[in-house]
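Quick note on labels: first sequence line is chain A, next is B, and so on, each numbered from 1.
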Amino acid sequence: MHEARSEVEFDALVVGGGIAGCEAALNIANNGYTVLLVEKDLSIGGKMILLSKVFPTLDCGACITTPKVSEIARHTRITILTGSEVGSISESDNHRFKAGIVKHPRYVVDEDCTGCQLCEEACPVNVSDQYQFHLVGRKAAYIPFSIASPRIAAIDMENCTLCGACEKVCPTKCIDFTQEEEHWTVSVKTVVIATGFELFDPLGMPRYGFGLYKNVITSMQMERQLAPTRPFHTVLRPGDGKMPDRIAYVLCTGSRDTSVGNPICSQICCMYSIKQAQLLMGALPMADVTIYYIDIRAFGKGFNEFYEQALGMGVNFVKGKIGKIIEKDNGNLLLRYEDVSTGKLHEAEHDLVVLSVGVLPNKSMQSVFQDLSLLEDTYHFIKQDDPILNPARTSIEGVFVAGTATGPMDIPDSILSAGTASAEAISHIIQSQ
Amino acid sequence: MEVVKGQTFRYRREKYEVPAEAKEQLKYYVKIKKAILDALKENELTIAQLSEILSLPKHEVVYYLMTLIKYGFVQVGAIDEMDEYYTYKRLK
């Protein structure tokens with residue numbers, strides 16, 4: 001049973017509720033136009049809202065994302081659909097687009113949930129928490145994370161045992177297991193694509209042992225370990241709970257590597273690794289942190305100073321390409337690497353290895369456009385009409401692109417890109433009137 | 001079937017079966033949770049000690065123990081002299 005909604009009109013459709021999508025939606029709405037923001041996840045804020053701090057200022061990621069996210073949530077001209085996906089977009093009459101949207105059931109009545117978490121407390125189920133990158137468990141009735149927006153519970157139906165414990169304790173009786181998919185058809189004048197990026201899955205590089213060696217983790221797992229809402233009580237090895245004191249970063253994991261099909265630089269890994277190294281030196285003052293790199297690309301404002309600051313703090317930088325990681329009996333890891341400057345092979349022992357995973361294109365928009373051709377660039381990011389002169393325009397008139405959907409970039413560049421896309425979208429709305 | 005507010009899980013149970021994997025997962029978690037809490041009843045233990053008592057890999061102990069800390073069943077104790085491993089104690 002599907003609940004079909006009649007056609008609803010908005011001025012703009014923004015696909016993706018990460019920082020770029022939020023910025024674009026806010027700009028368009030602040031100029032007097034109505035916006036529908038569609039996010040596939042249960043919360044807006046994208047990857048940024050999960051970051052501990054941002055480089056090079058070391059501002060708290062959550063603290064600078066939350067005000068923007070709450071401004072969007074309260075904006076009278078922005079309608080947000082979370083847990084929803086754009087299934088199709090086609091051209092309709094009068095220079096408008098028609099979009100088909102699927103809103104997946106949350107099994108909670110949004111308006112009635114107070115975010116009290118009593119359902120979470122009562123739920124007996126424990127499953128791996130995707131928002132903590134599987135380092136710890138969560139319930140099947142859950143609020144995604146403490147600063148999620150909207151702060152509304154959801155039921156993970158794949159893992160729910162239908163015991164009814166959540167419903168029994170819910171003070172507002174907002175849990176509703178009868179919910180089904182909702183199908184929306186919306187008519188819009190313009191579309192902004194802000195679908196962001198995917199992170200490289202290091203299971204695709206078996207020589208690094210991720211998945212097999214429990215003390216080899218990804219940079220997002222370390223990011224969570226460094227956040228105030230961390231999965232562990234301090235920074236620990238997931239393999240045995242030891243506080244690490246010799247931590248290695250392997251840069252360019254899944255970037256600049258044709259063997260995994262991604263020859264380009266991800267642009268953010270050098271700097272986020274340097275940021276994490278600095279934070280680790282604060283969290284674990286006795287720890288040695290070594291960064292194995294091919295090149296340090298500290299190209300943005302204040303980036304090189306940030307790199308030098310890390311050097312000054314004692315972070316060890318080794319220009320070396322890691323060939324293989326081997327686990328020892330005590331859970332420590334041997335890194336075999338080639339010293340790029342001498343060409344010699346070396347081995348170094350560390351007790352925790354962080355893989356600085358790269359940025360991959362999000363291909364979710366590939367099949368969405370019907371009878372319209374949304375072109376991609378060589379690396380499957382959305383092709384910009386002209387990266388210098390028209391960076392927000394795509395191959396479809398009236399469809400614009402923002403943030404990392406166009407290629408790897410950092411947070412300030414994503415926000416700038418969203419500004420450009422929203423200005424183009426507003427101009428298109430005005431012209432089409 | 002009539003849908004009663006506050007008991008809609010019954011409606012869902014009539015229409016769909018609970019996945020077998022979800023049931024197994026719950027059983028396993030309940031078993032591990034009981035075993036960890038029982039082991040911590042008398043003494044503060046390290047992850048290595050819990051791993052030995054429960055015959056469970058250390059990484060699994062870390063996962064479940066940290067989850068029990070999150071849910072408020074277990075508390076962090078002291079760290080050893082080498083500043084490497086913590087002990088953990090039962091809270092509830």
- For Val3(B), is it the side chain, the backbone, both, or neither that has a heavy atom closer than 4.5 Å to a heavy atom of chain A? side chain
- Note on the structure: Cut-off 4.5 Å, heavy atoms of chain A, and the answer for Tyr64(B) is side chain
- Can you say whether Leu135(A) sits under 4.5 Å from chain B via the side chain, the backbone, both, or neither, judging by heavy atoms? backbone
- Note on the structure: From the list Lys23(B), Lys70(B), Met82(B), the residue making the most non-hydrogen contacts under 4.5 Å with chain A is Lys70(B)
- Query: Using 30° and 60° as the class limits, which term best fits the ring planes of Tyr131(A) and Phe145(A): parallel, tilted or perpendicular?
  - Reply: tilted
- Task: Could you tell me whether Lys328(A) and Glu349(A) have a side-chain N and a carboxylate O separated by less than 4.0 Å?
- Result: yes
- Item | Region of Tyr63(B) in contact with chain A, defined by heavy-atom distances below 4.5 Å | both
- Message: Looking at Tyr208(A), I'd like to know if the NZ or CZ of Lys324(A) sits under 6.0 Å from its six-membered ring centre while staying within 45 degrees of the ring's axis.
- Response: no
- Item | Within-4.5 Å side-chain heavy-atom neighbours: Val235(A) and Pro244(A) | yes
- Task: Kindly indicate whether the side chain of Ile36(B), heavy atoms from C-beta on, has any atom under 4.5 Å from the side chain of Leu54(B).
- Result: yes
- Query: Lys214(A) versus chain B, heavy atoms under 4.5 Å apart: side chain, backbone, both or neither?
  - Reply: side chain
- Message: Please confirm whether the ring centroid of His233(A) lies under 6.0 Å from the ring centroid of Tyr88(B).
- Response: yes
- Message: Heavy-atom cut-off 4.5 Å, strictly under: side chain, backbone, both or neither for Ile155(A) against chain B?
- Response: neither
- Non-hydrogen atoms of chain B under 4.5 Å away: do they reach the side chain of Pro124(A), the backbone, both or neither? both
- Go through the steps to decide whether Arg138(A) and Asp156(A) satisfy the test salt bridge (charged side-chain N to carboxylate O under 4.0 Å, His left out), and finish with yes or no. CA-CA 10 Å; Arg138(A) 64 153 170 82; Asp156(A) 172 356; 2.9 Å; yes
- Query: So what's closer than 4.5 Å to chain A heavy atoms on Asp83(B): side chain, backbone, both or neither?
  - Reply: backbone
- Message: Can you tell me which portion of Cys166(A) sits under 4.5 Å from chain B's heavy atoms? Options are side chain, backbone, both or neither.
- Response: neither
- Item | Check: Arg224(A) and Phe232(A) side chains under 4.5 Å, non-hydrogen atoms | no
- Item | Region of Ile79(B) that comes under 4.5 Å of a non-hydrogen atom in chain A | side chain
- When only pairs under 4.5 Å are counted, which of Arg237(A), Lys139(A), Gln132(A), Lys168(A) shares the most heavy-atom pairs with chain B? Lys139(A)
- Give the member of Cys174(A), Gly331(A), Gly239(A), Cys160(A) that has the highest number of heavy-atom pairs under 4.5 Å with chain B. Gly239(A)
- Item | Student check: side-chain heavy atoms of Met222(A) and Ile217(A) closer than 4.5 Å | yes
- Query: At a heavy-atom separation under 4.5 Å, does Ser128(A) approach chain B through its side chain, its backbone, both, or neither?
  - Reply: both
